[in-house]
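Working notes, beginning with the structure itself.
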Number of protein chains: 4
Amino acid sequence: MTKSVPESNARRGRPRSDHIRQLILNTALDLAFEVGFRSLTVETIAAKTGVGKTTIYRRWPNKGAVVMDAFLSIVGPKTIFPSTDRAINSIQLQMKAQVKAFRSKYGKMIRSLVGDGQFDPDVLDAFRQRWILPRRQLARTTIELAMKQGDLRSDLDVDTVIDTLYAPIYYRLMFETGPISDAYANGLYQSVIKGYGTSKHPKSKR
Amino acid sequence: MTKSVPESNARRGRPRSDHIRQLILNTALDLAFEVGFRSLTVETIAAKTGVGKTTIYRRWPNKGAVVMDAFLSIVGPKTIFPSTDRAINSIQLQMKAQVKAFRSKYGKMIRSLVGDGQFDPDVLDAFRQRWILPRRQLARTTIELAMKQGDLRSDLDVDTVIDTLYAPIYYRLMFETGPISDAYANGLYQSVIKGYGTSKHPKSKR
Amino acid sequence: MTKSVPESNARRGRPRSDHIRQLILNTALDLAFEVGFRSLTVETIAAKTGVGKTTIYRRWPNKGAVVMDAFLSIVGPKTIFPSTDRAINSIQLQMKAQVKAFRSKYGKMIRSLVGDGQFDPDVLDAFRQRWILPRRQLARTTIELAMKQGDLRSDLDVDTVIDTLYAPIYYRLMFETGPISDAYANGLYQSVIKGYGTSKHPKSKR
Amino acid sequence: MTKSVPESNARRGRPRSDHIRQLILNTALDLAFEVGFRSLTVETIAAKTGVGKTTIYRRWPNKGAVVMDAFLSIVGPKTIFPSTDRAINSIQLQMKAQVKAFRSKYGKMIRSLVGDGQFDPDVLDAFRQRWILPRRQLARTTIELAMKQGDLRSDLDVDTVIDTLYAPIYYRLMFETGPISDAYANGLYQSVIKGYGTSKHPKSKR
DNA sequence: GGCTAAGCGAGACGGTACGTCTAGTCTTGGG
DNA sequence: CCCAAGACTAGACGTACCGTCTCGCTTAGCC
């Protein structure tokens, strides 16, 4: 049996403009950096984009969703693991890149998203799915490679290694208990090397 | 000894009732647990306590301050390091207590505070001063004791040790990337022992 | 065979369906009776008719015009002066018919049109041209006939007579200062007869 | 038995400022004259008065109520029957005053109120209670006096006389079927005198 | 024990953003 | 060019809180 009502809802009516979507997201992001996440209003976004409020509410259910989307779809795909000859070095470089990003305006952005996520499950879920987990996956791959390359002990729980490396950075970002310096990142890295590394791990670059 | 100073600006007029203060804090806490932190309004607190809004704003500068105060003055003094013969064991016990607390409704409270703190520096500062730092201080003392007792290497940066132990727990609390189980706490503890412990460290209790 | 005439401004393309026009007007009228005149939305009319909003706006310049058209093209041709042997009696009968109409759902429709007309000159103009004036013309003819027949003094300003007879009915329709009863209509008629009639005017029928 | 709970709601809290009320009504009226009744927005009233929207909505349930109140409480008490030696002359003078008012900006105002009243029962009711009926009452008193003074037949239904005199004026105001001139008012007056007057009625002033 | 400054409950106040709703226009794809 | 569908700009609606500001009252503590 085939579909007898094959296209009752075949794309009808004027399609939503993807261009407008991009404009809105850009404006939202600009404003988020400019006036902060909380002081952001849908009304301002609409006005500055030159768009009706309806157009925004047609695409996102509420303010949080807009900004979340703005952040993740634009600055999201930035952090990547640089490729080096030895995976273990890639980790070190990536950590350095991450703390640098956290010190920039993106750090504030992330704090906002995490902050909002504590109240809005949808925001948190989006943040986890589109920011946290992809990065963990990259880290996992790299770490497993380092294990294969013999630079990390292979009897470790990878998740715990990731947590140990990265959680302290988020901790400092959110609690401001100390600087998110390159040195700090390096310290965390060295700790892990010392604790989990094999004797033959390469000299870390400073 | 009596007051010898005339006190030109000695408290005149009717003094603020401390009883009312307590009532307000209790109501605020109840409501925080009931409807969540964000949906909390000063108007509701006032109404439910049977108090004028003025009475609240006379004592706290804004909503955040009230709730922060409510949380910290009531649930604040809960987590302590249990005393054991060896400090290293005390750490393990405390971690178990902490994850237990995080799994309870207090975990949600903390998430709320952290969340709000990302937007309101006063809230974050209060949270850091009255929750984070006191606990870190206790941890520091215990860890230093463990070093003296020869169960932890003494060439370590204590702050990094603390971060390594506790940051992952906050990380899971806020990002929900995995359960905050006793096993998880234990895993973190074991990692540190393995990495930073001396050869003679005692068998950890399960 | 090909088009030999260029037809620069001859009707080109698909002609507008008159059937659709009727459907729209019917729906508009139904809705006007159902939910009232003000709560009527173009979107609802379009949806209920199964028609695009464009199709409506292509035919009428705005909402008021649609509804006005709906009302007048359907209920318009209802009230007529019945023909009797003496014109003066025709007036009395017509007044009775009019108050009866005003007490029905058409009274509500008229109120709506008049109400809207106070804000929209186009609506008022349409209402005047297509409802008020035709009826006044009929009344004028009948009254002049009654004058010729010697039942009304012929030195009167016909417009004033019409106003005196009919204005009070609209007044009660709009201000609800009293019932628009047959008795009321009769009273108005009798007043005019008494004031403007000649001694020989016939006994009025009750 | 006396009230046992005499003052549970004795004036508590800050009382509403009557000054503000007046400011709002004045602004509303100004705007109504300036941009028209329909284009009037609560937001504009609030802004121009320098008042929060809440303050307006605390006192009136919706836009219509505000403007209605503005009109009636400010321009409402204007039209009065001038006192003359003979009541019949007072009527003539009042009619002249009324058509003059109807030709002014107040005429537009009244049209707006009547227009809105056709859709909003509350508006209509307020208009009837505070504008129509008081004026009818004054007219009734004057007419009854004229009857006693022997200038009008005393076997007439006063309501019908009032309707006959005034309804045509409202009719022309709303349907624009002719000018609301002094001459028109005089014509209506003369008709009534001719039809309902006694032989001894005084010469009407032109 | 009366005086008086401050506390107190109630609720009005100016602001600001929310998310919803229409009006009337524009843009698709398909006759 | 018509049509149905539905996205688009524009902007008012009425609601909800915020933090401040009166009201009329109560209540300590100094004279």
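All figures in this text were calculated on a predicted structure; none of them were measured in a lab. In what follows, every chain begins at residue 1, and chains take the letters A, B, ... in the order their sequences are listed.
Across the protein-nucleic acid pair, Leu23(D) atom CG and dA12(E) atom P stand 18 Å apart, rounded to whole Å. When rounded to the nearest whole Å, the span between NZ of Lys63(B) and P of dA16(F) equals 15 Å. Between Asn62(A) atom CG and dA17(E) atom C1' there is a gap of 14 Å when expressed in whole angstrom units. Remark: C1' of dC2(F) and OH of Tyr57(C) are 19 Å apart, rounded to the nearest angstrom. One can place CD of Glu43(D) at 6 Å from C1' of dA12(F), the figure rounded to the nearest angstrom. Rounded to an integer number of Å, the gap from CH2 of Trp60(C) to C1' of dT25(E) is 18 Å. Atom NE2 in His19(A) sits roughly 15 Å away from atom C1' in dC26(E) (whole-Å rounding). Atom-to-atom, CG of Asp120(B) to P of dC18(F) comes out at 13 Å; the value is rounded to the nearest Å.
Residue-level contact check: Ile56(D) touches neither bases nor backbone, having no heavy atom under 4.0 Å from any strand.
Listed for the Gln22(A) side chain is no donor-acceptor partner under 3.5 Å among the backbone atoms of Asp18(A).
The ring pair (Phe, Tyr, Trp, His ring centres under 6.0 Å) test applied to Phe119(C) returns Phe37(D), not counting sequence neighbours.
Both Leu40(D) and Gly50(C) lie near DNA chain F, and the one whose nearest nucleotide falls closer to the 5' end is Gly50(C). Nearest-nucleotide mapping onto DNA chain E: of Gly64(C) and Thr41(A), the residue sitting toward the 5' end is Thr41(A). Closest-nucleotide positions on DNA chain E for Ser17(B) and Thr49(D) were compared, and the one nearer the 5' end corresponds to Ser17(B).
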Before giving the answer on salt bridge (Lys or Arg N to Asp or Glu O under 4.0 Å), spell out for Glu34(A) and Lys48(A) the whole-Å C-alpha distance, their side-chain angles and the decisive distance to 0.1 Å.
CA-CA 13 Å; Glu34(A) 192 180 322; Lys48(A) 229 188 153 187; 3.4 Å; yes

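Between Lys53(B) and dT20(F), a side-chain N or O to OP1/OP2 separation shorter than 4.0 Å is absent. OP1 or OP2 of dA12(E) has not a single side-chain nitrogen or oxygen of Thr55(D) nearer than 4.0 Å. Side-chain nitrogen and oxygen atoms of Arg59(D) include at least one within less than 4.0 Å of the OP1 or OP2 phosphate oxygen of dC13(E). Contact check, Arg16(B) against dG7(E): a side-chain N or O comes under 4.0 Å of OP1 or OP2. Residue Arg58(B) places at least one side-chain N or O under 4.0 Å from the OP1 or OP2 atom of dC8(E).
If you check distances only, the side chain of Arg14(A) never reaches the base of dC8(F) with a donor-acceptor pair under 3.5 Å. No donor-acceptor contact under 3.5 Å links the side chain of Thr54(B) to the base of dG7(E).
Aromatic ring centroids of Phe33(D) and Tyr106(D) lie under 6.0 Å apart.
Shown are Asp125(B), Asp69(B), Asp122(B); of these, the salt bridge (charged side-chain N to carboxylate O under 4.0 Å, His left out) with Arg130(B) is made only by Asp69(B).
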